[in-house]
Amino acid sequence: MATSVPGMTSPDALVRVATARGVTTLTLDSPHNRNALSTPLMTQLRAGLGDAVADDAVRVIVLDHTGPVFCSGADLKETAAAYASGTVPAGMLGDVLAAVWECPKPVLARVAGPARAGGLGLIAAADLAVCAEEATFAFTEVRLGVIPAVISATVLPRLHPRAAAELYLTGDTFDGRRAAEIGLVTAAVPADGLDAAVQRYCASLVRGAPGALAGAKQLLRRPAAADLRAEIADLAALSTGYFLSDEGREGVAAFREKRPARWVPAAS
């Protein structure tokens, strides 16, 4: 089990933590404000991520939610209160998105209901995201007189450029199928198949070697190379290092011996 996070097992916790068979689920549990990204919620989410990363038994992290809404974005009540000091909690949102994006373990978002504004940044920061076809999404910032600035760091690398322009400028609502078509989510499934889809992805992810998964995530973040031959040489050296690592040797041996590798969690 992951180390417990102070306040996250109390009745008033805003993020719930549960771990089973190598998968830690961080559940946004603030339905009274539609799981808005308040400072307390983001603080607990960062703590939960940190504990999951530090726990060697945790292989995959799932972002889930209670209530009908995945995440409504920034806590506008908190934002309005912060105007008096001339600040808003955008910096903390950036820290949360970076923590998810840079997490060395695979992060999967389970989206059963609507997501707006900052909630879309959280979905985009995850490596994989599965939503219900009925879930709705919108970049509503321009209708509030602001722009989707911080979340663009994670959203724009996912979205097709024409779709990004349309949805950023109109603020229009779109459904899960469209979210999958434009790259915001990995897959959209019927609501009654959402849990099964998440479980399938988790079952696949825990079969990957922890070090190799972290390395694969780094590959996915590499910028395009200006010098292709130099890039190939760097990648060849990187590949050799992985083949000669303990994980690489174990993985090759397990494949040849037709058995699960040592890092695959045992069936309960």
Validation row: [X], [Y] side chains within 4.5 angstrom (heavy atoms):
X	Y	answer
V185	V130	no
V142	L169	no
V206	R21	no
L235	R222	yes

Determine, step by step, whether K77 and N33 satisfy the side-chain contact (heavy atoms from CB on, under 4.5 Å) criterion, reporting the C-alpha distance in whole Å, the side-chain angles of both residues, the deciding distance to 0.1 Å, and the verdict. CA-CA 9 Å; K77 181 178 180 180; N33 64 356; over 6 Å; no

Looking at [X], I want to see if its [atom1] is surrounded by more than 12 non-hydrogen atoms of other residues, nucleotides or ligands under 6.0 Å.
X	atom1	value
I147	CD1	no
R221	CZ	yes
R256	CZ	no
R262	CZ	no
D56	CG	no

Look at the side chain of [X] and the backbone N and O of [Y], then say whether any donor-acceptor pair between them is shorter than 3.5 Å.
X	Y	result
T43	T39	yes
S245	G248	yes
T186	A129	yes
E247	G211	yes
D175	E133	no
R59	G208	yes
R158	I182	no

Could you state the interatomic distance from [atom1] ([X]) to [atom2] ([Y]), rounded to the nearest 0.5 Å?
X	Y	atom1	atom2	value
S239	D234	OG	CG	12.5 Å
L45	C71	CG	SG	9.5 Å
L14	L37	CG	CG	11.0 Å
R16	T66	CZ	OG1	8.0 Å
M42	L97	CE	CG	9.0 Å
N35	D75	CG	CG	11.0 Å

Under a single-linkage definition using a 4.5 Å side-chain heavy-atom cutoff for Ile, Leu, Val, Met, Phe, Trp and Tyr, are [X] and [Y] assigned to the same hydrophobic cluster?
X	Y	result
I61	L122	yes
V62	F70	no
L194	F174	no
L26	M92	yes
L63	V69	no

Nearest non-hydrogen partners of [X] and [Y], listed with the distance:
X	Y	answer
L49	A99	CD1-CB, 4.1 Å
W263	A209	NE1-N, 3.3 Å
V155	G121	CG2-CA, 3.9 Å
P31	G67	CB-CA, 4.3 Å
I151	E141	CD1-OE2, 3.6 Å

Worked check of side-chain contact (heavy atoms from CB on, under 4.5 Å) between V100 and T154: CA-CA 10 Å; V100 175; T154 60; over 6 Å; no

In residues 159-168, what donor-acceptor pairs under 3.5 Å come from side-chain atoms, sequence neighbours left out?
{"residue": "H160", "atom": "NE2", "partner": "E181", "partner atom": "O", "Å": "3.0"}
{"residue": "E166", "atom": "OE1", "partner": "R178", "partner atom": "NH2", "Å": "2.9"}
{"residue": "Y168", "atom": "OH", "partner": "S152", "partner atom": "OG", "Å": "2.8"}

Just to verify, what does Y201 make a ring-ring contact (aromatic ring centres under 6.0 Å, His included) with, not counting sequence neighbours? none

Can you list, pair by pair, the side-chain donor-acceptor contacts under 3.5 Å of residues 101-119, counting residues two or more places apart and other chains?
{"residue": "K105", "atom": "NZ", "partner": "A52", "partner atom": "O", "Å": "2.8"}
{"residue": "K105", "atom": "NZ", "partner": "V53", "partner atom": "O", "Å": "3.2"}
{"residue": "K105", "atom": "NZ", "partner": "D55", "partner atom": "O", "Å": "2.6"}
{"residue": "K105", "atom": "NZ", "partner": "V58", "partner atom": "O", "Å": "2.8"}
{"residue": "R110", "atom": "NE", "partner": "D195", "partner atom": "OD1", "Å": "2.7"}
{"residue": "R110", "atom": "NH1", "partner": "D64", "partner atom": "OD1", "Å": "2.8"}
{"residue": "R110", "atom": "NH2", "partner": "D195", "partner atom": "OD1", "Å": "3.0"}
{"residue": "R116", "atom": "NH1", "partner": "T136", "partner atom": "O", "Å": "3.0"}
{"residue": "R116", "atom": "NH1", "partner": "T136", "partner atom": "OG1", "Å": "3.3"}
{"residue": "R116", "atom": "NH2", "partner": "T136", "partner atom": "OG1", "Å": "3.1"}

